[in-house]
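Please read the structure below before turning to the comments.
Along the sequence shown, residues are numbered consecutively beginning with 1.
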Amino acid sequence: MFSSFRLTAALTVLVSLSVNVFGLGKVTRAGKYLYNQDGSRFFIKGVAYQPQGQVDTSSGFVEPTTFTDPLADSASCSRDIPFLQQLTVNTIRVYSVNASLNHDACMQALSAANIYTVIDLSLPVNGSINRSAPTWTTGLLDQYIETINAFNKYDNVLAYGIGNEVVIANDQTSSAAAAYVKAAARDTKAYLKSINSTALTTYSAVDGPQWIIDFANYLSCDPTGTNSDAAAIDLYGLNNYELCGNQTFDQAYASKTQSFSNFNVAAYFSEFGCVNPSPRVWADVAALFSSQAVPVWSGGLAFSYFPAVSSQGQFGMVNVSGNTVTTGQDFANLKTAYGQVQFTNSPTQSAAPSPSYPACASNDQTFLVSTTLPPTPNLAACNCLDQNLSCLFTPQVSNTSAIIGELFNAACSLLGQVGQNCNAISGNGTTGVYGAASACSPETQLSYVMTQYYESQNEVAQACSFAGNGTVNTAAGTNVASENSAISSCLASATGTSVPTAPAGSTAGPAGSAGSSGSSGSGGSGSGSGNKTSAAAGLSAGFALMVLTSMLCGVMTLA
């Protein structure tokens, strides 16, 4: 008969190995701090991880126009993960992904390496909230949901990003876009809760001299005044490049940290790493993880693993040629800096302050944004419109972005000439007034205004032509009165807020189940000291089983 003590020891090893081999623990938020599954504080210690595509600099910012999904390239992940492990990172941020591609290999490999991900939901050009003409539409919401559904099965999604630098802190004209960002956070959060996802919602803000804390407080406040978290982000990201060279915390971060000292949700640096001078010495790492910073900040992400150009300068820690990675001095210095980080465990989760969501401040003269948010985009209501509008947008070209703006201008101008307007498709984040069809797709909105003009012209066929881009919908009502009655019925359900549902054909897989990897999401990411992994973290599943088998065989032999 074998020793029960030895069997217990063997099973204990199996449990301890499975914690790190078979799944990462869930990171949660309590008040203004992040926590590991064991109740210790979690700090983001990571890098931005996305090859830079083509960019547009015409706006004064470096805006991407194309992207490569790094999590769909298993060969590149296999190539890069050993270097990420050298940096001892626990998180990467990816700015754009293609929800239609398979991400199993990369996500499972990252999980095995104890690396979480922050997945931005926006896409370049038409897949994000436009700061100059903001909207929150059915198309954007569906895009966000499709991405969430594609990644919901993985255990290492820390947070989903709802936007990056949409609102510019020194550009007062962009402040109205804040209402649309907050609406996106509200609806994304509601969807995550509906599918029982514990992933956090985050936003990455550009740093700047004007009302940066006002915007942060707006993102984390409760517009209903009932201390509800429904419209508040979970994690605030700041793209901060204030500390350069060998500056200290007091020189670069003290003022910003003081201004966020009473902030009510978790905050971190979603980008950092001033490139002046270069190569970087990464003094910002020591400052960001110092005792002065950690009461406010929960770590940060160094920018950028891959070469990248931004308004701040030339970035990059490695150069890649095929399967060969050549590290630079930035990489070596960050490796040293990150290797010296020690995480605090104060306060523990049991001692964390209770979450609080103050009522949103009223619109002021500098930060011009309403506490009345855009409605939840309602696809059923917009589809109802498509069925009942009598003049439909049927473009003659595949690239509708080249003509849709001109057609909007033409249709709204024609409506103005007959004493009508385009208010039904418009929205204003400053006044908090949103048209009943303002959350529909641009195509549905254009059909709506084309129909309004067509009806004003007694439905003469030529009035629906719009240079060949409009077609009379013969399936609509038999007369204007019945058509408008049907349209009004559609619009009646397009207002207010609701829990979003997945688009037809899209399903959200069970959270934390990563296909054949065996990841169950039931493990833990820490060993009682922040993000540090145990010595078993690098063991493969096969090696874990071998260790257990050896111990059990030893138990049987020695009994």
- Within the side chain of Asn276, is there an N or O that forms a donor-acceptor pair under 3.5 Å with the backbone of Cys244? no

- Flag yes if more than 12 heavy atoms outside Gln314 fall under 6.0 Å of its CD atom; otherwise flag no. yes

- Task: List the steps, then state whether side chain to side chain contact (heavy atoms under 4.5 Å, CB included) holds for Asn156 with Met107.
- Result: CA-CA 7 Å; Asn156 55 336; Met107 291 298 289; 3.2 Å; yes

- Do Gln50 side-chain atoms and Arg93 backbone N/O form a donor-acceptor pair below 3.5 Å? no

- Would you say Tyr95's side chain and Ser122's backbone share a donor-acceptor pair under 3.5 angstrom? no

- Would you find a donor on one side and an acceptor on the other, under 3.5 Å apart, between the side chain of Arg41 and the backbone of Ser346? yes

- Please assess Asp80 against Val318 for the test side chain to side chain contact (heavy atoms under 4.5 Å, CB included), listing each intermediate value before the final yes or no. CA-CA 10 Å; Asp80 293 331; Val318 304; 5.8 Å; no

- Flag if over 12 foreign heavy atoms under 6.0 Å of CG, Asn262: no

- Message: Let's go through Asn264 and Ser220 carefully: what are the C-alpha distance in whole Å and the side-chain angles of both, what is the deciding distance for side chain to side chain donor-acceptor pair (under 3.5 Å) to 0.1 Å, and is it a yes or a no?
- Response: CA-CA 7 Å; Asn264 60 312; Ser220 62; 2.8 Å; yes

- Task: Decide side chain to side chain contact (heavy atoms under 4.5 Å, CB included) for Val206 and Phe215; before the verdict, give the C-alpha distance in whole Å, the side-chain angles of both, and the deciding distance to 0.1 Å.
- Result: CA-CA 11 Å; Val206 63; Phe215 180 35; over 6 Å; no

- Is there side-chain contact between Val296 and Lys256, with heavy atoms separated by less than 4.5 Å? no

- Near-ring test Tyr253/Phe269, centroid separation under 6.0 angstrom: yes

- Over-ring placement of Lys32 relative to Phe263, 6.0 Å and 45° cut-offs: no

- Message: ring-ring contact (aromatic ring centres under 6.0 Å, His included), that's the test. Do Tyr236 and Phe260 meet it? Break it down for me.
- Response: CA-CA 11 Å; Tyr236 173 83; Phe260 276 85; 5.4 Å; yes

- Item | Ring geometry between Tyr49 and Tyr305 (parallel below 30°, tilted from 30 to 60°, perpendicular above 60°) | tilted

- Item | Check: Phe272 main-chain N/O paired with Asn240 side-chain donor or acceptor under 3.5 Å | no

- Task: Mark yes or no for whether Lys182, through its side chain, and Tyr218, through its backbone, hold a donor-acceptor pair below 3.5 Å.
- Result: yes

- Is there a side-chain contact between Val309 and Val55 (heavy atoms, below 4.5 Å)? no

- Would you call Asp229-Lys193 a salt bridge at under 4.0 Å N-O? yes

- Item | Under 3.5 Å: donor-acceptor pair, side chain of Ser197, backbone of Ala199 | yes

- Task: Give me the ring orientation class for Phe83 and Phe331: parallel if the planes are under 30° apart, tilted from 30 to 60°, perpendicular past 60°.
- Result: perpendicular

- Query: Can you find a heavy atom in the side chain of Val320 that is under 4.5 Å from one in the side chain of Val325?
  - Reply: yes

- Can you check whether Asn239 reaches Phe303 side chain to side chain, under 4.5 Å on heavy atoms? no

- So do the side chains of Gln251 and Leu243 get within less than 4.5 Å of each other, counting heavy atoms only? no

- Sidechain-backbone polar pair: Ser298 side chain, Tyr268 backbone, donor-acceptor under 3.5 Å: no

- Sub-4.5 Å side-chain heavy-atom contact between Asp104 and Lys153: yes

- Query: Hey, does the side chain of Tyr144 reach the backbone of Ile162 with a donor-acceptor pair shorter than 3.5 angstrom?
  - Reply: yes

- Message: Side chains of Gln292 and Thr257, heavy atoms from C-beta outward: is any pair under 4.5 Å?
- Response: no

- Query: How far apart are the C-alpha atoms of Ser175 and Trp211, what are their side-chain angles, what is the distance that settles it, and do they pass the side chain to side chain contact (heavy atoms under 4.5 Å, CB included) test?
  - Reply: CA-CA 10 Å; Ser175 62; Trp211 42 260; 4.1 Å; yes

- Item | Euclidean distance, Ser111 OG relative to Leu24 CG, rounded to 0.5 Å | 4.0 Å

- Query: Are any side-chain N or O atoms of Tyr33 and backbone N or O atoms of Phe42, one a donor and one an acceptor, separated by less than 3.5 Å?
  - Reply: no

- Task: Drop me the distance from Thr66's OG1 to Leu123's CG, to the nearest 0.5 angstrom.
- Result: 11.5 Å

- Message: Contact between Val265 and Tyr357 at the side-chain level, heavy atoms closer than 4.5 Å - yes or no?
- Response: yes

- Message: Aromatic contact between Tyr160 and Phe151, with the criterion being ring centroids under 6.0 Å apart: yes or no?
- Response: no

- Query: For Val94, which of Val118, Asp120, Leu71 qualifies under side chain to side chain contact (heavy atoms under 4.5 Å, CB included)?
  - Reply: Leu71

